[in-house]
Amino acid sequence: MAKPTVSLPQGTRDFGPDTVRKRQYIFSTIRSVFELYGFQPLETPAMENLETLMGKYGEEGDKLIFKILNNGVDNKNKEQLFRDGFEKILQGKNTKDITERALRYDLTIPFARYVAMNQGQLSFPFKRYQIQPVWRADKPQRGRYREFYQCDADVVGSTSLLNEVELTILYAETFKRLGVPVEIKLNNRKILAALAEVCGGVEKMIDITVAIDKLDKIGIEKVEGELEQRGLDADQIATIRKYLQVTGSNEERIGQIKALLGSTTSGAAGISELEFILGYFDQLDRPPVAVDFTLARGLNYYTGTIFEVKALGANMGSIGGGGRYDDLTGLFGVPGIPGVGISFGVDRIYDVMDELNLFPPDVQVGSQALFFNLGDAEGRKAFSLLQHLRNAGVRAELFHENTKFDKQFKYAEKKNIPFVIIIGSKELAENNCVIKDLRTGEQKSVSLDELVNFSFL
RNA sequence: GUGGUUGUAGCUCAGUUGGUUAGAGCAUCAGAUUGUGGUUCUGAGGGUCGCCGGUUCGAACCCGGUCAUCCACCCCA
C-alpha cells in the first residue's frame, strides 16, 4: 500500500463521523439556547476586506490575521506595481496591491461591519447569534487551533444592563445543558480604568491590565516586577497590590474595591453596574458567577462589563468570553450604537467535554436498527420492512450482503447500532422477526405487523 | 514570533556502544464455527524507520537541514 503523502495545513483538522456527531451536539445545544433567548441567526463571509479587520485586535492581533494573496500577481503588465508592493510588505506594511482580503479573525468585527452597513434596515435592539469558523495564524498548541468555531450572541442598540444579566444566564444555562461545570468570571473595564487613573493615568491601563491578568499564572511578585518594568512607581505598585489582594465572596470583594476605588467616577460607575447585574441573580437560580477584578481580556474595544468562562476541573484556557463595547460600529463610520456580546469556543468546549467524559452515550448513535441479511427472500422482506421503519422515522439500515452472523453483529457493534432485527427462513415462515438489544443482550420475537410500533430507544 | 519535545505497521510503543532479513500488543483479514457477535486458538497481510542531504565499509540509531506533532512563552477561544 503506497503511503499517502498528502497532509493538512498546520493547525487544521478533519473531523470523522464520531467527532462530528459530538460537535453537532454542542452546536445544537448552543443554538437552541440562543433561539430560546430571542437571538436571530446571521452568517457573514469567510473573508473580509483586510482593512475591515486591521487595527481592531491590537498589534498582536494584526499579526495573526490570515491574509489572502491577490490573484493576478503574475500579470507581467503590472510587474512593477507588484514589485513595489512587495517591497512595502518586506517593510512590514500592507498594500492592497498584494493583499486586500483576509480570513475573518472573530465574529464580532464582521458583525459590527454588518450592523454599520445595514443600520437603516435593522430594528434595535438587534439580537443576533452567529456560529461560524474563524482563523488565526497562531502557533498551534493545546486548545489552540488555526481554524476553530466561535458561537457568538450579541445585542446591539441597547445600553441596558439587562442584556448583561441575560447573557450571563445564557452562559449558565448552556453549560448546564452540556453538563460542563464552569465559573463565569465578571469584571468591568471601568473599574480597571479607575485603577489606572489612580496609578499613573489612563494611558497606563493596557500596561496594568496585561500585567495583572497574569496574576494566577506567575504570582504577585512577578506581576509587581513587570509593573515596575512598565514604569510604575512604588506608590502605584502598592495600590495595585491592595487591588490584587481583594478576596472573599462577590459581596466582600465589591465592598473592598469600593473602599479602594469607589471615590473615582469611573470606579463608582463600574461597581454599580456590577452590583446591578449581581442583584438580579438573587431572585433566580444563582448562576456560577465570580467577580474577579484581575480579569482584563485583551480586546481593547471593551468598555464596560467583561466576561470570561473557565471550565472547572480541566486544564484549559477560557472556553468563552465577551464584554460590552460602547461604539464598535463607530469604527465603520456609524457612531452611537452600543452593544454587548459573548462567545463560546466550541473546539475548547469539545476538548474539555472529551477529557471529562461528558458526552452522553446516545450522541454516538446513528442508525437505531440494523436488519440482518440472511438470504435473497429474507433480504427482500427485510428491505420492505426497512422502508416502513424509515417512513415511521426510525433510522435504520439493511446489511449490504448475505454473510455470516459474526460479520453482521460486528458491523452493528462498530457502528454503535443498538438493535439488530433478524429475519431468517424460520421467521419468514412464521411472519415475525427477532429483535435483539445489543446493549443488554436481550432479544424477543415480534410479529411483522407490530415491528413498526416497536420502540427503538 | 521565541524556546523545548517527539516522529519506527492502521493505533500504542520496543529496538543494545552504529552491524545480517526492524519487532510486540491491539486492530484488520482468513480459518477453527452452515442461524446468535464480543472469549479462545491458528494463520496471513501490512514498514522507503517523517522527508532531504552528510559522516561511515555499514545508519532506525551519529550530524545538518526541512516538514509535522505536542508542550511552554507571547497572546488567545
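Each chain gets a letter, A, B and so on, in the order the sequences are listed, and its residues count up from 1.
A donor N or O paired with an acceptor N or O is found under 3.5 Å between the base of B:C75 and the side-chain atoms of A:R144. Judged by atom type and distance alone, A:E60 does not reach the base of B:G1 through any side-chain donor-acceptor pair under 3.5 Å.
The aromatic rings of A:F456 and A:F419 sit perpendicular to each other, their planes meeting at more than 60°, with 30° as the lower class boundary. Ring planes of A:F344 and A:Y171: perpendicular class, angle over 60° (limits at 30 and 60°). Ring-plane geometry between A:F359 and A:Y350 is classed as tilted, the angle between the planes lying from 30 to 60 degrees on a 0 to 90 degree scale. Using cut-offs of 30° and 60° for the angle between ring planes, the A:Y411 and A:H400 rings count as perpendicular.
The A:R142 side chain lies nearest to B:C71 when the options are B:C71, B:C74, B:U36. Which of B:G35, B:C71, B:G37 sits closest to the side chain of A:S425 comes down to B:G35. Among B:A77, B:G35, B:G37, the nucleotide with an atom closest to any side-chain atom of A:K426 is B:G35.
Following rounding to the nearest Å, A:D406 (CG) and B:U33 (P) show an atom-to-atom distance of 13 Å. Taking atom CG of A:D152 as the reference point, atom P of B:A77 lies 10 Å away to the nearest angstrom. Atom pair A:K139:NZ and B:U69:C1' shows a separation of 11 Å (rounding to whole Å applied). For the pair A:Y302 OH and B:A77 P, the interatomic distance rounds to 7 Å; values are reported in whole Å. Across the protein-nucleic acid pair, A:M316 atom CE and B:C71 atom P stand 9 Å apart, rounded to whole Å. Note: CD1 (A:I306) to C1' (B:A77) measures 15 Å, nearest angstrom. If you take CG of A:D62 and C1' of B:C76, they are 15 Å apart, rounded to a whole angstrom. Rounding to whole angstrom units, CD of residue A:Q141 and C1' of B:G3 are separated by 12 Å.
For the C1' atom pair drawn from B:U20 and B:G3, the interatomic distance equals 42 Å after rounding to whole Å. Taking atom C1' on both B:C57 and B:U69, the two are 36 Å apart, rounded to the nearest angstrom. When the P atom is compared between B:U12 and B:C73, the two are found 26 Å apart, to the nearest whole Å. If you take atom P in B:C49 and the same atom in B:G31, they sit 33 Å apart, rounded to whole Å. A gap of 9 Å separates the C1' atoms of B:U8 and B:G15, to the nearest Å. Comparing B:G54 with B:C61, their P atoms are spaced 14 Å from each other, to the whole Å. Comparing B:A72 with B:C29, their P atoms are spaced 38 Å from each other, to the whole Å. Taking atom C1' in both B:G47 and B:U28, the straight-line distance is 16 Å, to the nearest Å.
By the 5.5 angstrom centroid cut-off and the 30-degree plane limit, A:F409 is classified as not stacked against the base of B:G38.
Looking at heavy-atom distances under 4.0 Å, A:G317 makes no contact with the nucleic acid at all. Contact annotation for A:G322: no contact, since no heavy-atom pair falls under 4.0 Å across all strands. When heavy atoms are screened at a 4.0 angstrom cut-off, A:E427 is found touching base atoms of the nucleic acid. Among the atoms of the strands shown, only primed sugar atoms or phosphate atoms (P, OP1, OP2) are found under 4.0 Å from some heavy atom of A:V210. Within 4.0 Å of A:Q408, counting heavy atoms only, lies no atom of the nucleic acid at all. At the heavy-atom level, A:L8 lies nowhere under 4.0 Å from the strands shown. Looking at heavy-atom distances under 4.0 Å, A:G143 makes contact with a base. Across all strands shown, A:S318 has heavy atoms under 4.0 Å from sugar-phosphate atoms exclusively, and none from any base. Contact annotation for A:F372: no contact, since no heavy-atom pair falls under 4.0 Å across all strands. At a threshold of 4.0 angstrom between heavy atoms, the contacts of A:K407 are confined to the sugar-phosphate backbone, with no base atom among them. If you check every strand for non-hydrogen atoms under 4.0 Å, A:E413 touches a base. Within 4.0 Å (heavy atoms only), A:L374 reaches no atom of the nucleic acid at all.
Comparing A:L64 and A:I422 along RNA chain B, the residue whose closest nucleotide (by nearest heavy atom) sits nearer the 5' end is A:I422.
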Verify side-chain hydrogen bond (donor to acceptor under 3.5 Å, both in side chains) between A:R21 and A:Q24, making sure each step is shown before the conclusion. CA-CA 5 Å; A:R21 275 191 212 290; A:Q24 291 294 349; over 6 Å; no
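A salt bridge links A:D376 with A:R380: at least one charged nitrogen is closer than 4.0 Å to a carboxylate oxygen. For A:K444 and A:E450, the salt-bridge test fails: no basic side-chain N is under 4.0 Å from an acidic carboxylate O.
At least one side-chain nitrogen or oxygen of A:K414 sits closer than 4.0 Å to the OP1 or OP2 atom of B:U28. Applying the 4.0 Å criterion to OP1 and OP2 of B:C76, one finds that A:K310 has every side-chain N and O outside that range.
Of the nucleotides present, B:G54 is the one that pairs with B:C62 by Watson-Crick or G-U wobble criteria, both distances under 3.5 Å.
More than 12 heavy atoms of other shown residues, nucleotides or ligands fall within 6.0 angstrom of atom CD in A:E35.
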